[in-house]
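Just the heavy atoms: all of them, side chains too, but no hydrogens, waters or symmetry mates, feed the values below. As the structure is a computational prediction, the values presented were derived from the model and not from experiment.
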Amino acid sequence: MDLLDTLTAKGLRGETPTREEALAVLATTDDELLDVVAAAGRVRRRWFGRRVKLNYLVNLKSGLCPEDCSYCSQRLGSKAEILKYTWLKPGQAAEAAKAGVSGGAKRVCLVASGRGPTDRDIDRVTDTVAAIKEADPAVEVCACLGLLSDNQAERLKAAGVDAYNHNLNTSEGTYGDIATTHTYADRVDTVQKAHGAGLSACSGLIAGMGESDEDLVDVVFALRELGSDSVPVNFLIPFEGTPLAKEWNLTPQRCLRILAMVRFVNPDTEVRIAGGREVHLRSLQPLGLHAANSIFLGDYLTSEGQAGQADLDMIRDAGFEVEGMGEATLPRHRADVAADAAAGAVGGCGTAPAAGACGTGGGCGPCGGHAHGEAATGAEAGGAEAGDEARTDLVRVRRRGAGTELAPNA
């Protein structure tokens, strides 16, 4: 297939495809799906070998958010039955992080609901990071605290935070349909603040909110242009009690096409399968590892993931291996750019590497939530064949500890 040959060749060189080529990936048929996955797998192995990076979420503050993001179970006015609590103490957060690290996670993602942190909140996170790194200095810490004000990214960097997550979520053209209490430009500004402070930029998207193929391609190219080092790909969980409760638009095949497209556009970038993995990929989760090189281990913010041991078994059974704490995630040329940024020489990441430079194998997602299976609304857009409809009768989403005394990510 000429398209896949072209995409593979570009990906092996670290080059970005055209928008038309990216759109064509989303329009492929189910008969071509395994060829698409195999092509994405070649690109993934070129830059990341067979390593899978494990990340672990610690929800520092849950619920009661003043923002109106339509997809989120913690949003203003949400009726979703989720755990709600104020800030964890540093020792509690460090204990939760320890559980993930002991399971193989090399990055801990500290997430707090809200529009953005106050200076007092930055102090809380600083104390929490100190407690986590005292227990294990090698662990990576990513903060996901919402919109950043001036100098807050610098304070997080000084406290030992390695990365900052703030997702663009969808295209600029449709962002106003998803949230009205902040703008797409606000999100871009926060990613730029994080990058400018020397933090590794982690920014991704949510698929399945009713967007078009063009919207998906727009946001993925925007993430490439922003120089995001890590791109979490979230698949919408339509929470009861939120405006998107009826948006069951995804199939496992559609999710695999999206992951492949993201890999082709970001050949040498960490691509992470994030929220909604278990709900929408289901039994095809192992195939997703041929495009993505990173996943979350265990639970999400307000929904349960599959058991951590099941994740580890899946990685091993699919022929992959867990990335070690001492291994660099990004290829060498990307890691050099990140190091320059940390030293104050911030630059773009869009240039192709020299031939042979790498190749040795060398928020955080949305909250998650619970929902009962609604009737599917029809075939998804882009590449759908007859009968290729969302099967909500196969969906099982579990709330994380709602109505119990269960500790975060227990």
- Message: As a quick check of understanding, evaluate side chain to side chain contact (heavy atoms under 4.5 Å, CB included) for Gln152 and Tyr164, giving each step before the final call.
- Response: CA-CA 11 Å; Gln152 288 185 328; Tyr164 196 83; over 6 Å; no

Is it the case that [X] and [Y] place a side-chain donor and acceptor less than 3.5 Å from each other?
X	Y	answer
Asp215	Thr170	no
Asn55	Ser294	yes
Thr181	Asp68	yes
Asn169	Tyr71	yes

Can you find a pair of side-chain heavy atoms, one from [X] and one from [Y], that are under 4.5 Å apart?
X	Y	value
Thr329	Asn293	yes
Val111	Leu60	no
Asp123	Asp119	no
Thr128	Leu88	no
Leu145	Val125	yes

Between [Y] and [X], is there a salt bridge with N-O shorter than 4.0 Å?
X	Y	answer
Arg46	Asp268	no
Arg277	Asp311	yes
Asp121	Lys61	no
Arg124	Asp127	no
Arg334	Glu270	no

- List the steps and the verdict of side chain to side chain contact (heavy atoms under 4.5 Å, CB included) for Leu226 and Leu168. CA-CA 10 Å; Leu226 270 178; Leu168 297 186; 3.8 Å; yes

- Item | Contacts of type side chain to side chain donor-acceptor pair (under 3.5 Å), residue Lys133, not counting sequence neighbours |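 Once residues adjacent in sequence are excluded, the partners of Lys133 under the side chain to side chain donor-acceptor pair (under 3.5 Å) criterion are Asp162.
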
- Message: By the definition side-chain contact (heavy atoms from CB on, under 4.5 Å), identify the one residue from Val36, Asp30, Thr29, Thr28 that meets it with Gln253.
- Response: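 Exactly one option meets the side-chain contact (heavy atoms from CB on, under 4.5 Å) with Gln253, and it is Asp30.
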
- Query: Considering all heavy atoms of both residues, which atom of Gly11 and which atom of Pro267 are nearest to each other, and what is their separation?
  - Reply: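 Heavy atoms only, the tightest pair is O-CB, 3.6 Å.
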
- Would you please indicate if the ring centroids of Phe320 and His290 are separated by under 6.0 Å? yes

- Task: Using the six-membered ring of Phe296, assess whether NZ or CZ of Arg272 lies under 6.0 Å from its centre and within 45 degrees of the ring axis.
- Result: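 Verdict for Phe296: a cation-pi partner in Arg272.
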
- Message: For Arg155, is the CZ atom crowded, meaning more than 12 foreign heavy atoms sit under 6.0 Å from it?
- Response: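 Yes, because the 6.0 Å sphere around CZ of Arg155 holds more than 12 heavy atoms from other groups.
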
- Atom CD of Glu20: over 12 foreign heavy atoms under 6.0 Å: yes

- Whether Arg107 side chain and Val139 backbone form a donor-acceptor pair below 3.5 Å: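 Looks like no, no N/O pair under 3.5 Å.
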
- Step by step, would you call Arg254 with Phe235 a side chain to side chain contact (heavy atoms under 4.5 Å, CB included)? CA-CA 10 Å; Arg254 172 72 166 170; Phe235 301 111; over 6 Å; no

- Which residue pairs pass the side-chain hydrogen bond (donor to acceptor under 3.5 Å, both in side chains) test with at least one member in residues 96-106, sequence neighbours excluded? Lys106-Glu323

- Lys53 pairs by salt bridge (charged side-chain N to carboxylate O under 4.0 Å, His left out) with which of Glu140, Glu321, Glu327?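 Testing each of Glu140, Glu321, Glu327 against Lys53, the sole residue satisfying salt bridge (charged side-chain N to carboxylate O under 4.0 Å, His left out) is Glu140.
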
